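Since the model is a prediction, treat every value here as computed from it, not as a measurement. These values consider heavy atoms only, across backbone and side chains, with no hydrogens, waters or symmetry-generated copies.
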Amino acid sequence: MNINASIVDQRLTGILKEHVGLLEPIVGKDENKQRSLAFVLLCVSTALELPLDTAAELLTEGGNDVGVDALHFSDVEDGEFTVTLFQGKYKHKDLEGTANFPENGVKSAIQTVATLFDPDKQVLMNPRIKPRIEEIRSLIRDGYIPNVRVVLCNNGARWTQAADNWITQSGYTADQVQWVHINHDEIIAVLQRKKSVDDSIQLHGKAIIEDFNFRRVLISKVPITEIAALFERHHDVLLERNIRRYLGLRNNRVNAAIHETLQDVSKRENFYFFNNGITMICRKFRHNALQGENFQVRIDGIQVINGGQTCKTIQQTLKSLPNEDFSNIYVLLRLYELAEDDHELVNDITYATNSQNPVDLRDLRSNDAIQKQLEIGMAELGYTYKRQRDDTGSGANIITSSMVAEAVLAIWRQKPHQAKFLRGEHFGKLYHTIFDNLNAAEAILAVLVFRFVESERKAQAGQKDSPKFLPYASHYIAMTIGAMIMGDYPDVNHKNLDKSIEFFNKFQESIWAISIGSIKMSLDDLYGERDISLQQLSATFRRGDLLNDLVKNLEKTIKLLEREAEKKEKR
């Protein structure tokens, strides 16, 4: 029995006990099916670094799932977006960890890619996956380019060479479709990450080493072979403080350019001049100060806070070209020795060296005055505010900063399309739009409204009488509900929060009906009586086409519902 495969199997037992409510609604009470789905859930959670309950939202398994067990797609950036498809194969009785990923599973995945990303191809899909696929197809119709990651997961070995040949022969370009294998070993490697890395790096040539403002600084050049070897030994644990998640060679232009430069013999010798370099922090570094150059530096507590993508791309490129000579190719290294309690400086350095990158900057904003004020304000009102991504915990009174940003932008700022489709900018360009002049009571109420809307959307998903637009409309529904609450409580604060929550809870059913009616009316105004496809609906909500009329139609909808209620009373 493979130890790692056995540990994963034990973890699945724990998931089944703790999260059966996530799995049973999808596959019923069949224990084997639940276990297989729990494995997919664990792989999704591991690969995308998501909590299990969030990862469960991405599951698509069921009849007519077109060979996709889970699906995730990113926000659009630079006209492109990334779609990650998961397919899982779990062997229940064989825990040796040696069986290859099934060849028929690879064939199915190839066919899936050929089908899903062509907006004109018709395919039968279940209600869990169809709205999401049509949303992706709508983006494609609007000219956005999908980068696809196919993640094949099993508790065994990678697929066979024959299956690899089928992938090659499929004709998909390597820069648009990436094939990834995840198994028990990768999962355990993530679960067992160490928090500190101590190692040595061989520098080349002269180095600047000096004390500066009670800290120590080293600047030098390092052979890229040293960086590759360092990452072979320690992998992504070196990036735990790095806000840039590694995006892969195939779906990031910067990484692809680094890869191409290193492949090109005529260009690689100038790699040092083309690259911005790598920034590391550590608790302590030591070297032999009696020699003049080519130091061997011993480093305790290494973390890469900028240049992580460069490091990973170097690692993968050198691994793919084992017979090439890279011994004379260098990259700039900046190494800062900082005290363990120097957290503010670490945050400032990380922000300054990464600020050109449009990723989620939630962690970098977590220590500013606005976020701390919200934390204090919510604590006074009986809620716990999680400012950072790595903060754990769940419960009705636990509120994350990412949820606040999304809910507030949709509800109080009345920008539902930006709330959903520009999540990567919530803590970047949209940060002050969202958080300036926001009090804790407003944040709490927005989250409660948004949670209610999401709960109703999930409960009605797939029901015959649920509105066709429902999968795309959560943020718009929340916005209209917020507008109705503001009608009675225009100034939500700590003094009237309880009353505004009481009002919302008391009239949830009618408020929901009014909101749905308002959206229907706005869609009728826009499209008339003709049928609207899911792709059209997705595009309509993404572009914000309904915004001008939606709040105006609230009053009309309220009057119509009041008339219907009067008619019913007379009958």
Side-chain angles (χ1 to χ4, degrees), residues 36 39-40 43-44 46-48 58 60-61 64-74 80-91 97-121 123 125 129 132-133 136-137 140 144-187 189 246-253 255-260 262-263 312-313 315-324:
S36 294
F39 177 67
V40 173
C43 290
V44 173
T46 302
L48 299 180
L58 307 178
T60 58
E61 186 172 296
N64 300 321
D65 59 16
V66 292
V68 178
D69 296 328
L71 181 151
H72 173 270
F73 61 96
S74 69
E80 301 182 5
F81 63 103
T82 299
V83 181
T84 307
L85 307 174
F86 291 85
Q87 185 185 128
K89 302 292 182 184
Y90 192 75
K91 285 187 170 293
T98 57
N100 293 103
F101 190 93
E103 291 183 349
N104 62 352
V106 176
K107 283 184 177 179
S108 172
I110 293 171
Q111 183 59 43
T112 295
V113 175
T115 302
L116 296 189
F117 298 95
D118 185 340
D120 295 321
K121 287 189 176 179
V123 59
M125 293 178 277
I129 192 171
R132 284 185 254 178
I133 293 299
I136 291 168
R137 289 175 162 186
I140 293 171
Y144 299 108
I145 299 172
N147 294 301
V148 183
R149 289 185 297 197
V150 183
V151 184
L152 303 181
C153 321
N154 69 333
N155 56 335
R158 195 175 182 269
W159 51 86
T160 63
Q161 183 59 50
D164 221 16
N165 293 338
W166 298 334
I167 292 172
T168 302
Q169 294 165 9
S170 66
Y172 305 133
T173 57
D175 62 346
Q176 190 170 6
V177 182
Q178 181 184 10
W179 296 81
V180 180
H181 177 240
I182 290 180
N183 68 357
H184 47 282
D185 291 327
E186 279 76 16
I187 293 171
Y246 181 60
L247 303 177
L249 295 179
R250 306 304 182 198
N251 52 3
N252 180 273
R253 291 194 192 93
N255 296 352
I258 294 170
H259 179 66
E260 289 169 9
L262 292 174
Q263 279 188 314
K312 290 288 291 182
T313 305
Q315 177 195 14
Q316 288 202 5
T317 302
L318 269 60
K319 197 172 183 177
S320 68
L321 300 170
N323 299 320
E324 298 280 339

When rounded to the nearest 0.5 angstrom, what is the spacing between NE2 in His181 and CG in Asn154?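 It comes to 3.5 Å.
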
Please walk me through it: do Gln316 and Ser320 pass side chain to side chain donor-acceptor pair (under 3.5 Å)? CA-CA 6 Å; Gln316 288 202 5; Ser320 68; over 6 Å; no

Please identify each residue that fulfils side-chain hydrogen bond (donor to acceptor under 3.5 Å, both in side chains) with [X], with sequence neighbours left out.
{"X": "Gln169", "result": "none"}
{"X": "Asp185", "result": "Asn4"}
{"X": "Tyr172", "result": "none"}
{"X": "Ser170", "result": "none"}

Should Ile129 and Val66 count as side-chain neighbours, where that means a heavy-atom distance under 4.5 Å?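 Yes, side chains in contact.
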
Does any part of the side chain of Trp159, heavy atoms only, come nearer than 4.5 Å to the side chain of Asn100, both counted from C-beta?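 No, side chains not in contact.
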
Going by the side chain to side chain contact (heavy atoms under 4.5 Å, CB included) test, name the single residue among Asp69, Val106, Val68 that passes it with Gln87. Asp69

From the list Val148, Val151, Leu152, Val177, side chain to side chain contact (heavy atoms under 4.5 Å, CB included) partner of Leu85 resolves to Val148

Does the pair Asp118/Arg137 count as a salt bridge with the N-to-O cut at 4.0 Å? no

For Phe101, which residues count as a ring pair (Phe, Tyr, Trp, His ring centres under 6.0 Å) partner, sequence neighbours excluded?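 Expected list: none.
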
Applying ring pair (Phe, Tyr, Trp, His ring centres under 6.0 Å) to Phe73 and not counting sequence neighbours gives none

Is the side chain of Asn155 donor-acceptor paired with the backbone N or O of Tyr90 at a distance under 3.5 Å, no angle test? no

Does Thr317 use its side chain to pair, donor to acceptor, with the backbone of Thr313 at less than 3.5 Å? yes

Mind running side chain to side chain contact (heavy atoms under 4.5 Å, CB included) on Phe81 and Asn147 for me, showing each step along the way? CA-CA 6 Å; Phe81 63 103; Asn147 294 301; over 6 Å; no

Quick one, Glu103 with Thr160, criterion side chain to side chain contact (heavy atoms under 4.5 Å, CB included). Give me CA distance, side-chain angles, the key distance, then yes/no. CA-CA 7 Å; Glu103 291 183 349; Thr160 63; 2.8 Å; yes

